[in-house]
Enquirer: 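Sharing a structure, written as structure tokens. Questions coming.
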Amino acid sequence: MLDFKELDAFVWAVKLGSFRKAAVRLHITQPSVSERISRLESTVGELLLERSARPVQPTMRGREFFLHAERILHQRDEALKLFDSAETFSAPLRLGTIETIAHSWFPAFIQQLTERFPELIIELTVDYSPALNDRLMRNEIDILLAMNGYLALEQIECETLSPYEMGMFVSPRHAALLSEHPNAWCQSLPFISFGRQARPYEELVRYLSDVGVQQPRIHSVSTLMTIARMTMEGLGIGALPVATVLDEWRRGDLYRLALPVPLPPMNYDVIWRSANHPRFCRSVGRIAQECAANYAIERCADMANTSFTGRWVCPSATPTTPEATPRST
């Protein structure tokens, strides 16, 4: 088997034409250079140097082998440069994200990420947080932008991202109905949320139970944009991240319910396995945090500077029971 020390001795002896000069260059003794080259010749089964020549000259086979040996050592040096800078990475980066992030600040994040690391190639997976966390632990994904809490803390590292305010929305056709019958807000229409595997679905069920709605009708949908579309079409009350439907709310395609108790926010993190490249992953995390924070600030400014008057529905603070509420047709 070839040894880097033997290749170094051979290459420098050829370049400098002397065992003595090669020994000085490698900070070893001249006999050590001779011994390493002899071991290399024994490994390959042929003489590689004409020792009687001055300066030392490679044999015909030695000249041919020199080209390969020099290339091997160059590739070794290039590989070791990866560890000179703790924050560099040039292999394909396998990113996982949830759809809410993909439809909000993710494009700005990718732009900043590729500007900071221009050699990166992104391999993107968009899925639910539980599925993404599972793929992370199977080493199929490198970094997640998703909900935490599915993996053992000793297995991962993470950085917190800005949370998403959640809201309930209806189509304009149902806004008037709910304004006229404020006690019927949580019984007259089904709810529309993310799939059952997603935590927003669990949060919605818990929230409705806390405000007195038992056994609610909830349509579970796999994509954010489908929830928004179904809500605009009047198929139910959509539980949505406010920032991602701000334009639809502003235009009047959606009306927001002024809930008696606000929905809990959705909290996300940048997550990676502890065994991964920690400094690089932390650099990616800082970029994600900055993009998420900027997006949240911009959306809050939009809401503060834009009139949403008439875009709210004010339901009753106390929902009625299913038996006491007439079902709309």
Enquirer: Identify whether the distance between the nearest side-chain nitrogen and carboxylate oxygen of Arg51 and Glu41 falls below 4.0 Å.
Expert: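 Yes, charged N to carboxylate O under 4.0 Å.
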Enquirer: Decide, yes or no, whether a salt bridge links Glu64 with Arg61 under the criterion of side-chain N to carboxylate O below 4.0 Å.
Expert: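 Salt bridge flag = yes for Arg61 with Glu64.
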Enquirer: Is the side chain of Thr43 donor-acceptor paired with the backbone N or O of Arg39 at a distance under 3.5 Å, no angle test?
Expert: yes
Enquirer: Check step by step if salt bridge (charged side-chain N to carboxylate O under 4.0 Å, His left out) holds for Glu202 and Arg199.
Expert: CA-CA 5 Å; Glu202 299 174 6; Arg199 194 176 299 169; 5.1 Å; no
Enquirer: Quick one: CE on Met166 to OG on Ser193, what's the gap to the nearest 0.5 Å?
Expert: 6.5 Å
Enquirer: So which heavy atom on Gly238 is nearest to which on Thr231, and how close?
Expert: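 Nearest heavy atoms, Gly238 then Thr231: CA-OG1, 3.3 Å.
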Enquirer: Rounded to the nearest 0.5 Å, what separation is found between the CH2 atom of Trp312 and the CG atom of Leu259?
Expert: 8.0 Å
Enquirer: Can you confirm whether more than 12 heavy atoms, excluding those of Glu115, are under 6.0 Å from its CD atom?
Expert: yes
Enquirer: How close do Met147 and Ser129 get, counting heavy atoms only, and between which atoms?
Expert: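 Minimum heavy-atom contact is N-OG, 2.9 Å.
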Enquirer: What closest approach, in Å, do Pro58 and Leu49 show between heavy atoms, and which atom pair accounts for it?
Expert: CA-CD2, 3.9 Å
Enquirer: For Tyr164 and Tyr295, take the angle between the two ring planes, folded into 0 to 90°, and tell me which bin it lands in: parallel under 30, tilted 30 to 60, perpendicular over 60.
Expert: tilted
Enquirer: Over 60° means perpendicular and under 30° means parallel, so tell me whether Phe109 and Trp105 are parallel, tilted or perpendicular.
Expert: perpendicular
Enquirer: Thinking salt bridges, do Asp253 and Arg251 make one under a 4.0 Å N-O criterion?
Expert: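 Yes.
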Enquirer: Begin with the C-alpha distance, continue with both residues' side-chain angles, and end with the deciding distance and a verdict on side chain to side chain contact (heavy atoms under 4.5 Å, CB included) for Thr100 and Met266.
Expert: CA-CA 10 Å; Thr100 299; Met266 293 293 104; over 6 Å; no
Enquirer: Is the shortest distance from a Lys or Arg side-chain nitrogen in Lys5 or Asp8 to a carboxylate oxygen in the other one below 4.0 Å?
Expert: no
Enquirer: Say you draw a straight line from CE of Met137 to CG of Asn133; how long is it, rounded to the nearest 0.5 Å?
Expert: 9.0 Å
Enquirer: Any idea which heavy atoms bring Arg94 and Asn139 closest together, and the distance?
Expert: NH1-O, 2.8 Å
Enquirer: Any donor-acceptor pair under 3.5 Å linking the side chain of Arg36 with the backbone of Ala9?
Expert: no
Enquirer: Identify the two heavy atoms, one from Asp142 and one from Leu136, that lie closest to each other, and give their separation to 0.1 Å.
Expert: O-CD1, 3.5 Å
Enquirer: Give the minimum heavy-atom separation between Ile227 and Ala239, together with the two atoms involved.
Expert: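 The answer is CG2-O, 4.4 Å.
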Enquirer: Looking at Arg256 and Glu165, is there a salt bridge between them, counting it only when a charged N and a carboxylate O are closer than 4.0 Å?
Expert: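 A salt bridge is present here (some side-chain N lies under 4.0 Å from a carboxylate O).
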Enquirer: Grouping I, L, V, M, F, W and Y whenever their side-chain heavy atoms are under 4.5 Å apart, do Val261 and Val205 come out in a common cluster?
Expert: yes
Enquirer: Flag the pair Glu233 and Arg229 as a salt bridge only when some basic side-chain nitrogen lies within less than 4.0 angstrom of an acidic carboxylate oxygen.
Expert: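 The answer is yes: the pair qualifies as a salt bridge.
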Enquirer: With a 3.5 Å cut-off and no angle check, do the side chains of Ser283 and Arg286 form a donor-acceptor pair?
Expert: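 The answer is yes; a qualifying pair exists.
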Enquirer: How long is the gap from CG on Leu189 to OG on Ser171, to the nearest 0.5 Å?
Expert: 8.0 Å
Enquirer: Is it true that Val24 and Phe19 fall in one hydrophobic cluster, defined by side-chain heavy atoms closer than 4.5 Å?
Expert: no
Enquirer: Answer yes or no: is there a donor N or O on one side and an acceptor on the other, between the side chain of Asp134 and the main chain of Pro130, under 3.5 Å?
Expert: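 Checking the backbone N and O of Pro130 against the side chain of Asp134, no donor-acceptor pair under 3.5 Å is found.
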Enquirer: Indicate the ring-plane relationship of Phe117 and Phe280, choosing parallel, tilted or perpendicular according to the 30° and 60° boundaries.
Expert: perpendicular
Enquirer: Under 3.5 Å, is there a donor-acceptor pair between the side chain of Gln289 and the main chain of Thr160?
Expert: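 Yes, because the side chain of Gln289 sits within donor-acceptor range (under 3.5 Å) of the backbone of Thr160.
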